[in-house]
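Written out below as structure tokens is the structure these notes cover.
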Amino acid sequence: MSSPSQSIHAAPPGKKSAGHGLAVLLLAVSAFVIVTTEFIIVGLLPSLARDLGISITVAGQLVTLFAFTVMLAGPFLTAMLSHFERKRLFVVILVIFAGANALAAAAPDIWVLGLARFLPALALPVFWGTASETAGELAGPEKAGKAVANVYLGISGAMVLGIPLGTLASTAFGWRGTFWGLSGLSLLMAVLLLVVMPTLARPARVKLAEQARILKDPYFLGNVVLSVIVFTAMFTAYTYLADTLEQIAHIPAGQVGWWLMGFGIVGLAGNWLGGQFVGRGPLMVTAITSLVLAVGMAATTLVAGSHVWLAVALAVWGIANTALYPICQVRVMQSASHAQALAGTLNVSMANAGIGLGAIIGGSVIQHLGLGAVGYVAAAIAILAVLVTPVVNRLKSQGAS
């Protein structure tokens with residue numbers, strides 16, 4: 001993954017800042033489309049499971065496949081491809097997403113759908129690992145921070161709104177129509193970037209071995225493990241939230257998308273809160289937010305019979321859930337003694353490990369204990385994250401230089 005010191009200089013800062021704002025905006029919209037492709041599947045699980053004649057547990061493994069592919073391929077592919085010319089790289093990635101989403105839309109069975117999920121999972125971490133830095137280069141030094149924030153807003157928006165948008169689109173157009181829509185949007189963004197984005201100088205190769213010394217730091221590794229536990233807790237329940245609303249809370253299928261939309265909108269407030277409070281102590285804030293997450297997930301199942309209390313429980317869950325995205329990213333990057341760019345990429349990969357593991361655990365719980373137990377098991381994993389936090393803190397004194 002490229003580091004900030006390896007800047008791309010295609011034009012004077014003032015010219016970049018004035019002339020490439022549209023390209024930065026297109027990168028942010030592309031980020032939204034690309035990350036929505038990952039998370040939208042959760043909102044589609046009930047409908048595609050019914051259509052393909054498979055169980056919700058089997059359908060949930062599509063989440064695991066995507067997440068584990070990102071986890072395993074992310075750091076290596078990003079390191080291998082980050083020196084490629086960025087305009088061509090982004091256009092190719094978006095064309096891959098267009099083709100993969102079209103394949104998903106036409107998939108006759110779970111195996112073809114699995115292939116359609118595997119291909120974009122290879123390309124997603126490469127985009128994620130290079131888009132924010134490229135946005136900063138396009139904007140110039142004076143506006144680099146705002147440009148990077150805009151790209152991350154597209155990513156965060158996709159994380160919290162991708163699932164409800166997918167559910168609503170599935171209700172209106174069917175799950176296949178949702179994938180056709182994503183295919184069209186991906187192709188549109190590829191064309192717009194091809195036309196609008198300037199050709200930039202190729203970044204120099206990064207010596208990954210020099211950055212990989214952070215893997216010898218026990219404090220950094222402890223923080224990465226903590227992220228895996230946190231994301232496992234989140235997605236043990238979140239993967240099956242749409243089904244929980246239908247089956248446990250008895251929300252009509254046509255209304256589930258609106259409930260998920262409310263969850264996502266409340267989550268945007270959590271994203272802001274996480275960014276505000278993480279500076280007060282990343283580990284402490286992780287523990288507190290994980291505890292709130294546990295309460296929200298357990299309460300959602302407990303009060304599912306009352307839609308008023310269900311809305312309150314989902315709000316608590318949604319705020320904590322989305323707050324943990326920036327909290328975990330900042331916490332892991334700050335725990336790295338150096339090579340924070342690689343640290344950020346590794347955290348994204350390990351977060352996807354948690355997402356995939358959560359989908360597996362949630363599916364297993366449904367098989368053996370029933371859907372109603374998922375929230376309680378997820379809450380228990382979140383409590384484990386709280387208990388692990390002081391252990392990670394004690395590793396700080398053992399950090400490698």
Side-chain angles (χ1 to χ4, degrees), residues 36 38-52 54-64 158-175 177-178 233-270 292-322 324 355 358-359 361-367 369-379 381-382:
T36 294
E38 175 177 9
F39 287 97
I40 205 168
I41 188 73
V42 175
L44 305 179
L45 287 183
S47 57
L48 72 84
R50 286 191 292 265
D51 187 48
L52 295 178
I54 57 177
S55 69
I56 193 71
T57 301
V58 172
Q61 302 318 302
L62 292 168
V63 178
T64 301
M159 285 177 166
V160 300
L161 296 177
I163 292 172
L165 286 173
T167 307
L168 290 172
S170 177
T171 302
F173 310 109
W175 66 271
T178 301
M234 290 160 60
F235 279 85
T236 293
Y238 193 31
T239 301
Y240 303 98
L241 178 54
D243 207 42
T244 297
L245 291 173
E246 277 193 39
Q247 305 299 327
I248 304 299
H250 303 295
I251 304 294
Q255 297 179 18
V256 167
W258 294 109
W259 280 80
L260 293 175
M261 180 67 75
F263 185 96
I265 291 172
V266 170
L268 289 176
V292 175
L293 176 71
V295 171
M297 292 189 297
T300 295
T301 302
L302 191 63
V303 303
S306 168
H307 287 185
V308 173
W309 285 109
L310 175 63
V312 173
L314 285 171
V316 172
W317 178 0
I319 289 172
N321 190 83
T322 312
L324 283 163
I355 292 171
I361 293 173
S364 180
V365 170
I366 291 171
Q367 276 189 319
L369 300 176
L371 184 61
V374 169
Y376 299 123
V377 172
I381 299 171

Could I get the full list of side-chain contact (heavy atoms from CB on, under 4.5 Å) partners for T57, not counting sequence neighbours?
S55, Q61, I366, Q367
Interatomic spacing from CG in L371 to OG1 in T244 - rounded to 0.5 Å
4.0 Å
Within-4.5 Å side-chain heavy-atom neighbours: L310 and L245:
yes
Taken to the nearest 0.5 Å, the spacing of N321 CG from M297 CE works out to 8.0 Å
Compare all side-chain heavy atoms of T301 with those of V374 and state whether any distance is below 4.5 angstrom.
no
Side chains of L241 and V42, heavy atoms from C-beta outward: is any pair under 4.5 Å?
no
Side-chain polar contacts of residues 255-264 - donor-acceptor pairs under 3.5 angstrom, sequence neighbours left out - could you list them?
none

Drop me the distance from T236's OG1 to I381's CD1, to the nearest 0.5 angstrom.
3.5 Å
Looking at OG1 of T322 and CG of L293, how far apart are the two atoms once the value is rounded to the nearest 0.5 Å?
10.0 Å
Residue list, side-chain contact (heavy atoms from CB on, under 4.5 Å) with A59, at least two apart or on another chain
L45, L48, A49, I54
Measure up the W317 and Y238 rings against each other and bin them: parallel (under 30°), tilted (30 to 60°), perpendicular (over 60°).
perpendicular
Taking every heavy atom of A233 against every heavy atom of A378, the minimum-distance pair comes out as O-CB, 3.5 Å
Across all chains, not counting sequence neighbours, the salt bridge (charged side-chain N to carboxylate O under 4.0 Å, His left out) partners of E246 are R50
Is any side-chain heavy atom of I355 closer than 4.5 Å to a side-chain heavy atom of E38?
yes
Backbone N or O of A359 within a donor-acceptor pair of the Y240 side chain at under 3.5 Å?
yes
Mind checking what makes side-chain contact (heavy atoms from CB on, under 4.5 Å) contact with T178, not counting sequence neighbours?
I40, L44, A169, S170
Tell me every residue that passes side-chain contact (heavy atoms from CB on, under 4.5 Å) with A304, counting only those two or more places apart in sequence or in another chain.
I248, A249
